[in-house]
Protein chains: 2
Amino acid sequence: MSGAISDVAALAGVSKATASRALTGRGYVSAETRERVVQAAATIGYVASPIAASLSTGRTLAIGVLTSFLNRWYFGEVLEGAEGALRARGYDLTLHHLPPDSPERDRIFDSYLTNKRFDGMISIGIEASQDEIARLLANPRPLVSIGGNIRGAHSINIDDQALGREATEHLMTLGHTRIAHITGHDAELQTDTVHGRRLAGYLAAMEDAGLTSAVHVLPAVHSLPGGYEAAAQLLRDSRIRPTAVFASTDEVAIGIIIAARRLGITVPAELSVIGIDGHSYAEMFALTTFEQEPRAQGRHAVEILLQDLEDEQRAQAPDSGEPGSTVSEVRWPTRLVIRQTTTRPESAE
Amino acid sequence: MSGAISDVAALAGVSKATASRALTGRGYVSAETRERVVQAAATIGYVASPIAASLSTGRTLAIGVLTSFLNRWYFGEVLEGAEGALRARGYDLTLHHLPPDSPERDRIFDSYLTNKRFDGMISIGIEASQDEIARLLANPRPLVSIGGNIRGAHSINIDDQALGREATEHLMTLGHTRIAHITGHDAELQTDTVHGRRLAGYLAAMEDAGLTSAVHVLPAVHSLPGGYEAAAQLLRDSRIRPTAVFASTDEVAIGIIIAARRLGITVPAELSVIGIDGHSYAEMFALTTFEQEPRAQGRHAVEILLQDLEDEQRAQAPDSGEPGSTVSEVRWPTRLVIRQTTTRPESAE
DNA sequence: ATGAAAGCGCTAACAT
DNA sequence: ATGTTAGCGCTTTCAT
């Protein structure tokens, strides 16, 4: 089976060019000829070589995805959404894991960005250094950033600071004053990160409420065990024990709940910032969460990216004259989802 | 910057052929010439086009990865291991999400397997139909299957049936007799699947111990909420409540623990079959688990695959004459890791 | 050790 | 509407 397009052309009694036109749909071919070519292709089981096509057209029909985590729910869901949308549009997805503080980040950046096997890229939760951002933007291919700190490219972000404030104020509404916040490492130092902004929202809310002295921030590794450990530390001393916790990550929030249960502590009013769509882990634990549909975010990133690619192509066309190099900045909506069991502080009961 | 190899050649004052030899390391080039070429390349910031190279050599330096889940720990860890190993060897990884019962599985199989943009593939947890397996094996490119039901290709598998037996017998050793098993959906019907084999091990152990009448099997969705729901159902009625549970999946096992705690039930002797390496979620919950290092499995699959590719290339060489088309079947070691808090049944205390 | 030339499989002007 | 021709950028015989 298989064979090259010249075989198809020969069998159909046409030229390579006509065969190509018939098969790709670009250019004029009589219906009758097309039919003959398609038949011929089917007969010998012809499948076009995307590599040869790429070399000729310059388009790869592949999108690179950079993600900071492969083993966390949120990132997995976003990836799943992007994968499905890309496949539906006929694109391949090339995966690149780019964890924070990876010693090889530099090499990855170099090898990936210079490798010309992609038409565009999507970054998921990448917090990049100034240098890295510059290199990403210097790349001629379009980029859509989901939830990172990259400006100047297409982006999908949520308002993390508003979220932090809303979360904190929600707990205040329930009567809490001793509200702790579990954040990421170094969030205090790095202001332009997801966790830095959430922290800022928390701090602003606490200050506005005159609760500055009750501020209690603890860094944690973003994982279930990380949350568990942080919570164990946080809840150890009953005298300074908070009555509510606002955690920056789902995994951490769940770790906290489990730690609390294990320590025999009445479950405090919990709050995680990230909601998982589909089957919501957070929901199961009766956490109050922010719904933000990661899968849909992944899909939407694909739409933006492919739209940009189309626009670019159109810009090549003779008639159009617009540069169209504007960048879309999507503020993804979030919704505070309040579960039944969110509790009030004991003193307020 | 950029430019083609002809530019490099011109700048270095050599032919394209020599430039290629100097840059790729294949063929004789004087050290001095090589140096000149490398300098020239650096000067104009030359980066080779992998696409052109692929068209010429037939090798893509890309590996396709088929995975059944993107949002579960085990699969994410395997993927992470494979990704790192592939990158280290200079390969790209093309990701394909192939969930069970996906309506588009057929299309995916077709479009992916005929797309010639990969040198080999790795499947993670793919339970394929006979037809699908036939199509996978018909593909000339090598395949390494991790934890699925694919025979006839390189494979890495654990002894799921032995695991099921070992798990069940461990609980018996602790004195349990009312041991329930939470499995996947339809595991009873499909014998040649991971969960089917684990179920078989459980059933065999129960039978051997004369506990056939105590057999209690419940299907669940493989997720935290799935385990939670199954457990809620399982533990509802205290008269038929098991004293121990053997769950087929980490997520499910953790869901069970949480359900048990929430229902105010003394935590039964828990057992999950899959251990996560690195930070073990299961460990945190004091589950008894099977350690099986998913990351290392992913890395190992890459080694096997690239080894096969090398062998194939060597087989092309004039001297060698071996077919070398044997298939490696790795039985990955597992280790039962018993946590402190695994408990004995109440009656035995 | 190096160069000349052919070719991987396709697409896209351009010509008819 | 179809065919001719010239590449896309690289690798690789085959000569020298």
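Values in this document were obtained by computation on a predicted structure and should not be read as measured data. Within every chain, numbering begins at 1; the chains are lettered A, B, ... in the order of the sequence lines, protein sequences first and strands thereafter.
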Please list, for nucleotides 13-16 of chain C, all pairs of protein and nucleotide N/O atoms separated by less than 3.5 Å.
none

Think A:S20 has a side-chain N or O under 4.0 angstrom from the OP1 or OP2 of C:dT11? yes
ring-ring contact (aromatic ring centres under 6.0 Å, His included) partners for B:H154, two or more places apart: none
Overall bend of the helix from C:dA1-D:dT16 to C:dT16-D:dA1 (five pairs an end, 10° steps) is 30°
Please identify each residue that fulfils salt bridge (Lys or Arg N to Asp or Glu O under 4.0 Å) with B:R141, with sequence neighbours left out. none
Taking only N and O in the side chain of B:T33, is any of them less than 4.0 Å away from OP1 or OP2 of C:dA1? no
When rounded to the nearest 0.5 Å, the distance separating CD1 of B:I146 from CD1 of B:I124 is 5.0 Å
Could you tell me if B:Q39 and B:E35 have a donor-acceptor pair between their side chains, going purely by distance under 3.5 Å? yes
Whichever of A:K16 and A:Y28 has its nearest DNA chain D nucleotide further upstream toward 5': A:Y28
Identify the residue among A:L306, A:I304, A:L309 that makes a side chain to side chain contact (heavy atoms under 4.5 Å, CB included) with A:P142. A:L309
Report the distance from atom CG of B:L98 to atom OH of B:Y112, rounding to the nearest 0.5 Å. 10.5 Å
Mind checking what makes side-chain contact (heavy atoms from CB on, under 4.5 Å) contact with A:R26, not counting sequence neighbours? A:T24, A:R59
Pairs flagged by salt bridge (charged side-chain N to carboxylate O under 4.0 Å, His left out) wherever residues 97-107 of chain A is involved - sequence neighbours left out: A:E104-A:R107, A:R105-A:E132, A:D106-A:R135
Nearest-Å distance, CZ (B:R26) to P (C:dT2)? 18 Å
Would you check if there is a donor-acceptor pair between the side chains of B:D119 and B:T60 at a distance under 3.5 Å? yes
Residue pairs fulfilling side-chain hydrogen bond (donor to acceptor under 3.5 Å, both in side chains) with at least one residue in residues 86-100 of chain B, sequence neighbours excluded: A:N115-B:D92, A:R117-B:D92, B:E83-B:R87, B:R89-B:E303, B:R89-B:E310
Partners of B:S30 by side-chain contact (heavy atoms from CB on, under 4.5 Å), sequence neighbours excluded? B:E32, B:T33
Quick one: how far along DNA chain D does chain A reach, first to last nucleotide 5' to 3', anything under 4.0 Å to a heavy atom? D:dA1 to D:dG9
Salt bridge (Lys or Arg N to Asp or Glu O under 4.0 Å) with A:E127: which residues, sequence neighbours excluded? none
In whole angstrom, what separates A:L23's CG from C:dT11's P? 8 Å
Residues passing the side-chain contact (heavy atoms from CB on, under 4.5 Å) test with A:S68, sequence neighbours excluded, are A:F75, A:P100, A:I126
Near DNA chain C, which residues from residues 54-62 of chain B have a heavy atom under 4.0 Å away? B:L55, B:S56
